[in-house]
Novice: 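I'd like to ask you about the structure that follows.
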Amino acid sequence: MLERFFKLSDNHTNVRTEVIAGITTFVAMGYIIFLNPSVLSLTGMPSQGVFLATILTAVVGTLITGLFANLPYALAPSIGMQAMFTYTIVFGLGYTWKQALGMVFLVGLVDVIITLTKIRSAIVKAIPDQLKHAIAAGIGLFIAYIGLKNAGFLNFLVDPQNILTLNNKPFTGGGAKVIDSITANGSTTPEIATFSQPAVLLGLIGLLVLVLLVVANVPGAFLLSVFITTIIGIPMGVTNTHIDAMASFTSTFKDFGGIFGQALGPDGLWSMFTSPKHILIVVLTVFSMGLSGLFDAIGTFIGTGMTTGIFSEADQKEFYEGKGFKSKMDRGLVADTFATMFAGIFGTSNTTTFIEASAGIKAGGRTGLTSVVVAIGFLLAIIAAPLVNVIPTAATAPILIVVGIMMMNEFKAIEWDDIEIAIPAFFTSAFMAFSYSISYGIAAGFIFFVVIKSVKRKFTEISPILWIVTILFLLNFISLAVN
């Protein structure tokens, strides 16, 4: 039955190889069940609930990929999108986590529509390849920067004369009994930490452990580094050693009930469309999230599928030029879009096709049976619920740093000698990281690209879609400045 359903012989594989490949992929990406709750819980979401939402989203998305697309890939909440969810949408734009979940659902819904209508391929063609590389590399820089901050490696010096607001009110020189937030201008100076605090020192140890494991090509390096760092943190007093298994399982399902479906509740999706300004912000944020996820998935497919024969040249041509869903890549993207829609409902950030699936592909995985095995692995991982509140941030922050570094390999595909490309590429990447916003990074890149090409009178290189989106971004900036 497995042979016939997954066409194992046609793909030159067998059940044993597929099972080993599935286990390999799961071990390589299993760390996400701890990293995702660690990041999203900063928004006020219950970490135990996010833990279960992460697992269920990974299970559903990966099963769709395996059973519908018959591909050996695995889906789970994206590291880049969890950063955008937390630091851009909630912390930066001021939305609640319930509204952010509404945006995630909306991204999935819009992606499903544009995928089924083939608008997606038009968008892919409309964005210059150089900007696609800059977006991917910029997300890597953004993630790495967040990792450095979460690990406590950076401190920021703020002089009183540089403070603009205190607790969201204009700063006039007075103090406050409780400080909720401080906004300072560009004169704020970053400096490296002294590594005198146990948590910061543990973060440094965790980074060194992870780097050594990755460089040595140790299977499951990310997941292994989390456990090693957590154990090292026990004698240092950083790791929480209080474990109540029964209470953890109880709170996991209870907390999950508190976030499930909130995306579609009165405080979620439907509470964001209160004014034209808010509608514009939502539209541009949804566009940016969808665009980033689309390029991420396509990049993973092409990067791992072409050399291994999973996707033939005919598949890629069919994806860009064909109609319907004859290509494997089309079906894989359909799975990715539906998974993001489920992510919003379950209570987590957007999904993506994980590059860690390449580990399973290298082990021989060629069909959806590999994905089914990965999904089973995630389902069994529910037993790790008691560990969610035990693992310290110092154990997960190094993952953000190293994953970010890996994503920055996209910089080498950018033609830096061409100033017409270098300028928009730089601002795309720099604004993502240093404005803490993937949306603003994409906006900066698009605006500079359109301005430069217009000045050079190369209007044919600016697609109608790029014109429309750039104008919307400009209107958003004007709206922010006026209000």
Side-chain angles (χ1 to χ4, degrees), residues 29-63 75-79 81-87 89-91 95-108 150 223 226-227 230 239-272 339-351 375 377-397 399-400:
M29 63 183 291
Y31 66 87
I32 195 65
I33 65 175
F34 300 117
L35 178 61
N36 202 45
S38 174
V39 176
L40 295 195
S41 63
L42 297 174
T43 67
M45 297 183 72
S47 57
Q48 296 286 156
V50 176
F51 167 80
L52 185 55
T54 301
I55 288 178
L56 294 179
T57 299
V59 169
V60 172
T62 304
L63 280 178
L75 277 70
S78 162
I79 295 177
M81 290 300 99
Q82 69 182 211
M84 185 173 185
F85 183 103
T86 301
Y87 297 98
I89 299 176
V90 178
F91 292 167
Y95 289 99
T96 66
W97 61 262
K98 294 179 181 179
Q99 292 173 322
L101 289 177
M103 288 194 196
V104 173
F105 174 80
L106 193 57
V107 170
N150 287 359
L223 187 59
V226 169
F227 291 135
T230 300
T239 300
N240 173 24
T241 55
H242 177 70
I243 299 177
D244 188 335
M246 288 305 298
S248 294
F249 283 115
T250 301
S251 64
T252 294
F253 287 94
K254 180 181 178 181
D255 290 346
F256 175 69
I259 63 175
F260 178 81
Q262 290 296 333
L264 302 179
D267 298 325
L269 178 63
W270 309 111
S271 66
M272 295 184 291
T340 289
M341 204 161 61
F342 281 114
I345 296 173
F346 286 145
T348 185
S349 52
N350 313 47
T351 61
F378 272 111
L379 197 59
L380 295 175
I382 292 177
I383 62 175
L387 299 178
V388 174
N389 290 323
V390 171
I391 295 172
T393 302
T396 55
I399 295 175
L400 294 173

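Index from 1, following the sequence. Just so you know, these numbers come straight off a predicted model, no measurement behind them.
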Novice: Quick check: do Thr351 and Met81 have side-chain heavy atoms less than 4.5 Å from each other?
Specialist: no
Novice: Using a 4.5 Å cut-off on heavy atoms from C-beta on, say whether the side chain of Asn36 contacts that of Thr348.
Specialist: yes
Novice: For Gly347 and Ala53, which heavy atoms make the closest approach, and how far apart are they?
Specialist: O-CB, 3.7 Å
Novice: Give a yes-or-no answer on whether the side chains of Thr43 and Thr86 include a donor-acceptor pair shorter than 3.5 Å.
Specialist: no
Novice: Considering residues, nucleotides and ligands other than Phe256, do more than 12 of their heavy atoms fall under 6.0 Å from its CZ?
Specialist: yes
Novice: Going by heavy atoms in the side chains, are Asn389 and Ser248 under 4.5 Å from each other?
Specialist: no
Novice: Where is the tightest heavy-atom contact between Ile33 and Ala381, given as atom of each residue plus distance?
Specialist: CD1-CB, 3.9 Å
Novice: Is there a donor-acceptor contact under 3.5 Å from the side chain of Gln99 to the main chain of Thr96?
Specialist: yes
Novice: Please lay out, stage by stage, how Leu40 and Trp97 fare under the test side-chain contact (heavy atoms from CB on, under 4.5 Å).
Specialist: CA-CA 9 Å; Leu40 295 195; Trp97 61 262; over 6 Å; no
Novice: Keeping Ser41 on the side-chain end and Ser38 on the backbone end, is there a donor-acceptor pair under 3.5 Å?
Specialist: yes
Novice: Using the side chain to side chain contact (heavy atoms under 4.5 Å, CB included) definition, which of the options Ile55, Val50, Thr54, Leu56 pairs with Phe346?
Specialist: Leu56
Novice: What is the minimum heavy-atom distance between Ala375 and Thr62, and which atoms define it?
Specialist: N-CG2, 4.1 Å
Novice: First locate atom OG1 of Thr393, then atom CG of Asn150, and finally report the distance between them rounded to the nearest 0.5 Å.
Specialist: 6.5 Å
Novice: Look up atom CG in Leu52 and atom CZ in Phe249, then write down how far apart they are to the nearest 0.5 Å.
Specialist: 10.5 Å
Novice: Please check if any side-chain donor atom of Thr252 sits under 3.5 Å from a side-chain acceptor atom of Gln48, or the reverse.
Specialist: yes
Novice: Closest heavy-atom contact between Phe51 and Ala384?
Specialist: CZ-C, 3.9 Å
Novice: For Gln82 and Ile32, what are the C-alpha separation, side-chain angles and deciding distance, and is it a side-chain contact (heavy atoms from CB on, under 4.5 Å)?
Specialist: CA-CA 11 Å; Gln82 69 182 211; Ile32 195 65; 4.0 Å; yes
Novice: With a 4.5 Å cut-off on side-chain heavy atoms, are Pro46 and Ile259 touching?
Specialist: yes
Novice: I want to check something: taking the side chain as every heavy atom from C-beta on, are Phe85 and Val39 in contact at a cut-off of under 4.5 Å?
Specialist: no
Novice: Under a 4.5 Å cut-off applied to non-hydrogen side-chain atoms, are Tyr31 and Thr396 in contact?
Specialist: no
Novice: Grab the two heavy atoms, one from Ile399 and one from Leu35, that are nearest each other, plus how far apart they are.
Specialist: CG2-CD2, 4.0 Å
Novice: Flag the pair Val390 / Thr241 as yes when at least one side-chain heavy-atom distance between them is below 4.5 Å, and no otherwise.
Specialist: no
Novice: To the closest 0.5 Å, what do you measure between CG (Leu101) and CG (Asp267)?
Specialist: 11.5 Å
Novice: How far apart are the C-alpha atoms of Ile391 and Phe34, what are their side-chain angles, what is the distance that settles it, and do they pass the side-chain contact (heavy atoms from CB on, under 4.5 Å) test?
Specialist: CA-CA 8 Å; Ile391 295 172; Phe34 300 117; 3.4 Å; yes
Novice: Of Ile382, Leu75, Leu379, which is the lone residue that meets side chain to side chain contact (heavy atoms under 4.5 Å, CB included) with Val59?
Specialist: Leu379
Novice: Under 3.5 Å, side chain of Trp270 to main-chain N/O of Leu264, donor-acceptor pair present?
Specialist: yes
Novice: For Leu42 and Phe91, which heavy atoms make the closest approach, and how far apart are they?
Specialist: O-CZ, 3.5 Å
Novice: Do Met45 and Val90 come within less than 4.5 Å of each other through their side chains, counting heavy atoms only?
Specialist: no
Novice: Within the side chain of Ser271, is there an N or O that forms a donor-acceptor pair under 3.5 Å with the backbone of Gly268?
Specialist: yes
